[in-house]
Trainee: 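Okay, handing you the structure first.
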Amino acid sequence: MREITPRKIIEMKGKEKIVMVTAYDYPSALIADKAGMDIVFIGDSLGMVVYGDESTLNVSMDQMVYHTRAVAKAVKRALVLADMPFGSYEISTEEGVRNAVKLIQAGADAVKIEGGADHYELVKKLVRMGIPVMGHTGLTPQRYLRLGGYRLMGETEEEIEEILRDAKALEKAGAFALVIEFTLSDVAKLVTEEVSIPTIGIGSGPYVDGQVLVWHDLLGIYESTPPFVKKYADLKSMIQLALEEYRNDVKEKKFPGQDHYWEFLDKEEFEKKKRRAMERLNRSERNGEAE
Ligand code: KIV
């Protein structure tokens with residue numbers, strides 16, 4: 001069992017900020033865990049940042065299972081959280097349970113679903129079975145078609161009511177935490193005060209119990225990122241520079257240099273071995289032809 005459990009995440013509310021980051025493969029998950037993240041999250045954002053899709057709507061359960069396996073192998077300390085992709089839990093509670101089990105069997109410690117009140121029964125059932133669940137309200141990217149795009153949420157009374165209803169339903173159903181995405185910070189603050197479980201914000205300001213960012217956004221792997229992202233590095237430029245240097249080295253015959261290859265020190269010995277190897281090859285080719 002990993003050190004950070006859902007119970008520890010709950011205990012952090014109001015005491016210590018929770019830090020969560022997405023990771024989709026073994027090497028990045030290793031780094032995230034070593035950097036002291038509390039939650040390493042296989043988000044369905046992988047559809048966009050890893051597979052180049054325009055939205056998260058085409059992400060399959062198979063993709064989530066493959067990436068969860070890779071991440072779970074790397075993480076020793078942090079809680080491993082896996083996203084339930086679009087269409088994997090909305091059709092029936094039974095299907096939601098079956099798919100959540102697949103993610104747990106792939107190595108996740110908990111699953112995340114988008115929405116709250118609509119999935120009350122599913123969350124309750126999963127929690128009763130022993131599967132910890134994180135909810136997600138505010139901007140729910142799997143519903144971006146209905147929402148009319150990726151936009152700031154919580155400006156109207158109706159939206160505030162819906163966000164609060166989701167949060168309270170998740171708390172009542174036994175979820176251990178919830179993500180609040182891209183809402184006005186006053187709304188995120190209200191929710192954080194109204195529920196006993198931790199709130200983890202993304203683009204929702206500082207009055208929440210923790211923060212989550214997408215790996216590619218915070219490390220500057222793409223030029224365009226959501227407006228609320230802080231870029232902590234410019235890896236795109238660093239990677240491009242390194243690749244250009246490699247390209248130039250190969251073209252200009254600077255790579256591989258003497259440090260990167262090995263040769264026979266005794267050239268006579270090599271000549272003998274070469275002659276014998278070629279004789280053996282010729283013999284076996286002649287025998288092959290005779291058959
Ligand atoms: O899929 C994802 O990366 C997410 C985060 C934005 C919370 O859901």
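Both ligands and their constituent atoms are indexed starting at 1 by order of listing. Note that these values count all heavy atoms, side chains included, but never hydrogens, waters or copies made by symmetry. Throughout, residue positions are numbered sequentially from 1 according to the sequence presented.
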Trainee: Pull out every atom of ligand 1 sitting under 4.0 Å from any heavy atom of Lys112, numbered as shown with elements.
Mentor: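 Listed by number with element: 8 (O).
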Trainee: Taking 4.0 angstrom as the limit and counting only heavy atoms of Gly43, give me the atoms of ligand 1 inside it, by number and element.
Mentor: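 With Gly43 as reference, the close atoms of ligand 1 come out as 1 (O), 2 (C), 3 (O).
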Trainee: Hydrogens and angles aside, do Thr22 and Tyr24 bring a side-chain donor and acceptor to less than 3.5 Å of each other?
Mentor: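 Yes, a side-chain donor-acceptor pair sits under 3.5 Å.
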Trainee: Please lay out, stage by stage, how Phe182 and Tyr150 fare under the test ring pair (Phe, Tyr, Trp, His ring centres under 6.0 Å).
Mentor: CA-CA 9 Å; Phe182 208 18; Tyr150 302 108; 9.5 Å; no
Trainee: State the atoms of ligand 1, each with its element, that fall below the 4.0 Å cut-off from a heavy-atom position in Ser45.
Mentor: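 So the answer, numbered in order with elements, is 1 (O), 2 (C), 3 (O).
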Trainee: Just to be sure I read this right, does ligand 1 sit under 4.0 Å from the backbone of Asp44, its side chain, both, or neither, counting only heavy atoms?
Mentor: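 Contact part for Asp44 vs ligand 1: both backbone and side chain.
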Trainee: Using the ring centroid of each side chain, check whether Tyr51 and His67 are separated by less than 6.0 Å.
Mentor: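 Aromatic pair counts; centres sit under 6.0 Å.
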Trainee: Report yes if some heavy atom in the side chain of Leu122 is under 4.5 Å from a heavy atom in the side chain of Val133; otherwise report no.
Mentor: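 Result no, sub-4.5 Å side-chain heavy-atom pair not found.
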Trainee: Take Glu94 and Arg98 through the salt bridge (Lys or Arg N to Asp or Glu O under 4.0 Å) test and state the conclusion after the steps.
Mentor: CA-CA 6 Å; Glu94 287 69 29; Arg98 210 172 298 121; over 6 Å; no
Trainee: Answer side chain, backbone, both or neither: which part of Val214 comes under 4.0 Å from ligand 1, heavy atoms only.
Mentor: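 Only the side chain of Val214 comes within reach of ligand 1.
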Trainee: Find all atoms of ligand 1 within a distance of less than 4.0 Å from any non-hydrogen atom belonging to Thr22, and give their numbers and elements.
Mentor: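 Heavy-atom distances to Thr22 below 4.0 Å select 3 (O).
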Trainee: Any N or O of Asp83 that comes nearer than 3.5 Å to an N or O of ligand 1?
Mentor: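 Such a contact does occur with ligand 1.
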Trainee: Could you give me the CA-CA distance, side-chain angles and deciding distance for Arg151 and Glu159, then say whether salt bridge (Lys or Arg N to Asp or Glu O under 4.0 Å) is met?
Mentor: CA-CA 12 Å; Arg151 63 175 178 84; Glu159 281 179 8; 2.9 Å; yes
Trainee: Are any of the N/O atoms in Glu114 less than 3.5 Å from those in ligand 1?
Mentor: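 Such a contact does not occur with ligand 1.
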Trainee: For atom 4 (C) of ligand 1, which protein heavy atom lies nearest, and how many Å away is it?
Mentor: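 Among all protein heavy atoms, the one nearest atom 4 (C) of ligand 1 is Phe41 CE2, 3.4 Å.
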Trainee: Which ligand 1 atoms, with their elements, are less than 4.0 angstrom from a heavy-atom of His136?
Mentor: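 It comes down to these atoms of ligand 1: 8 (O).
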Trainee: Say whether Met20 and ligand 1 are in contact under the criterion: heavy-atom distance to a ligand atom below 4.0 Å.
Mentor: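 The answer is no, since Met20 has no heavy atom less than 4.0 Å from ligand 1.
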Trainee: Would one find an N or O of Glu181, backbone or side chain, under 3.5 Å from an N or O of ligand 1?
Mentor: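 Checking ligand 1 against Glu181, no N or O pair falls under 3.5 Å apart.
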Trainee: Roughly how far apart are Met48 CE and Asp53 CG, rounded to 0.5 Å?
Mentor: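 Separation between the atoms: 8.5 Å.
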Trainee: Going by atom types only, do Ser204 and Glu181 share a side-chain donor-acceptor pair under 3.5 Å?
Mentor: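 Ser204 vs Glu181: no donor-acceptor pair found between side chains.
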Trainee: Where's the contact between Ile202 and ligand 1, heavy-atom distance under 4.0 Å: side chain, backbone, both or neither?
Mentor: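 Just the side chain.
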Trainee: Hydrogens and angles aside, do Thr137 and Asp166 bring a side-chain donor and acceptor to less than 3.5 Å of each other?
Mentor: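 There is such a pair (donor and acceptor under 3.5 Å, judged by atom type) between the side chains of Thr137 and Asp166.
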